[in-house]
Amino acid sequence: MITIILLGPPGAGKGTQAKDLAKEFQFLHISTGDLLRENVKRNSPLGLKAKEFMEHGELVPDKLVDEMLLEKLNSPQVNNGFVLDGYPRNVSQAKFLDNFLKQNNSKSFILYLDTSEDTIIERLSGRRICSNCQAIYHLKNMPPKNPLYCDICGGRLYQRSDDREETIKNRLLVYIKETAPLLEYYKDRLVRINANDDKDIVFGNMLKVIKNDYSEIPRGN
Ligand code: AP5
């Protein structure tokens, strides 16, 4: 099993790139943010507990997120491998993941999407998501044909409630305090990618790294 872990601040492009990597290698894309938002939308017990943390840009408690992730990792959908986006978010989650990867003898590599603060703000404030298929757009950088509807499925586009200015600021603070220490934790294993570049350039640079290091990764179509 192969694991691709995308690290980076909010708005770095983790979700955008994870979708394309998963398609390229036919891996499962696991976004803990998307899974949590789905739970909030259907008012599940997990969603009810997670909602307030997410609205304030705080991390949802580890125990809830770890259990949710483990259920997904143990599902048959994980076949050859998976792309993780939004997890781990702190050292405790990284240790939890390491434990799973070790038990499953998984090859993993870790790509850090290095992004400037100006880029983050610009990307988050222009982001729009499809309420149906979760496709990610940007009003300027990756505009949909119609700013209200998804090009792929016609679903209504919306702005995430945590993409408001106040919440963005807190998400960045939480990132610096909780998630940035992972750069030290993974320092011998991670590869830094300049994520300020255009989407296709970032994707090409990630592919180069993956193919150089892991030539046995099966290719998609
Ligand atoms: P989550 O959904 O994981 O949010 P995040 O990590 O803050 O990251 P984002 O989804 O905001 O950004 P992204 O890097 O995926 O960027 P994107 O590709 O969309 O988490 C949300 C909340 O859930 C958390 O605050 C927390 O409460 C909770 N949570 C989630 N996981 C958790 C965990 N493990 N533990 C505890 N709590 C957890 O791109 C952004 C925009 O930029 C888009 O508009 C896109 O079109 C555009 N764009 C992307 N790449 C480029 C490019 N190269 N050039 C130009 N534009 C680009």
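All figures in this text were calculated on a predicted structure; none of them were measured in a lab. Numbering of ligands and ligand atoms starts at 1, following listing order.
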With the threshold set at 4.0 Å, does a side-chain nitrogen-carboxylate oxygen contact exist between D66 and K63?
no

Option nearest [atom] (shortest heavy-atom distance, choices [options]):
| atom | options | answer |
| --- | --- | --- |
| atom 20 (O) of ligand 1 | R89, M54, Q159, R127 | R89 |
| atom 51 (C) of ligand 1 | H138, M142, K199 | M142 |
| atom 55 (C) of ligand 1 | D34, T179, N141 | N141 |

Short side-chain to backbone donor-acceptor contact, [X] and [Y], under 3.5 Å:
| X | Y | answer |
| --- | --- | --- |
| K14 | G8 | yes |
| T115 | A195 | no |
| T32 | G86 | yes |
| D151 | P144 | no |
| K19 | Q134 | yes |
| R127 | Y137 | no |
| D198 | I201 | no |
| R171 | D162 | yes |
| N105 | L101 | no |
| S131 | L157 | no |

Any N or O of [X] closer than 3.5 Å to N or O of ligand 1:
| X | value |
| --- | --- |
| G11 | yes |
| Y137 | yes |
| A12 | yes |
| D197 | yes |
| G13 | yes |
| D162 | no |
| P10 | no |
| S31 | no |
| G86 | yes |

Considering only the protein, which heavy-atom contact is closest to [atom], and what is its distance?
| atom | answer |
| --- | --- |
| atom 43 (C) of ligand 1 | I136 CG2, 3.5 Å |
| atom 35 (N) of ligand 1 | Q93 NE2, 2.9 Å |
| atom 15 (O) of ligand 1 | G15 N, 2.8 Å |
| atom 49 (C) of ligand 1 | T16 OG1, 3.5 Å |
| atom 4 (O) of ligand 1 | R160 NH2, 3.3 Å |
| atom 31 (N) of ligand 1 | T32 OG1, 2.8 Å |
| atom 38 (C) of ligand 1 | L36 CD1, 3.8 Å |
| atom 54 (N) of ligand 1 | R123 NH2, 3.2 Å |

Would you kindly specify which portion of [X] sits under 4.0 Å from ligand 1, judged on non-hydrogen atoms: side chain, backbone, both or neither?
| X | answer |
| --- | --- |
| V60 | both |
| E58 | backbone |
| L124 | side chain |
| L59 | both |
| Y175 | neither |

Just which atoms of ligand 1 are under 4.0 Å from any heavy atom in [X]?
| X | answer |
| --- | --- |
| K14 | 5 (P), 6 (O), 8 (O), 12 (O), 13 (P), 14 (O), 15 (O), 16 (O), 18 (O) |
| R171 | 4 (O), 5 (P), 7 (O), 9 (P), 11 (O) |
| R37 | 2 (O), 21 (C) |
| V65 | 33 (C), 34 (N), 35 (N), 36 (C) |

[atom1]-[atom2] distance between [X] and [Y], expressed to the nearest 0.5 angstrom:
| X | Y | atom1 | atom2 | answer |
| --- | --- | --- | --- | --- |
| L59 | R89 | CG | CZ | 6.0 Å |
| T119 | L113 | OG1 | CG | 12.0 Å |
| D200 | Q17 | CG | CD | 8.0 Å |

Would a 4.5 Å heavy-atom cut-off, applied to side chains only, mark K72 and V78 as touching?
no

Pairing donors with acceptors under 3.5 angstrom, does anything connect the side chains of [X] and [Y]?
| X | Y | result |
| --- | --- | --- |
| Y158 | R128 | no |
| D85 | H29 | yes |
| N194 | N205 | no |

Compute the minimum heavy-atom distance from H56 to ligand 1 and say whether it is under 4.0 Å.
no

Determine whether any heavy atom of Q17 lies closer than 4.0 Å to an atom of ligand 1.
no

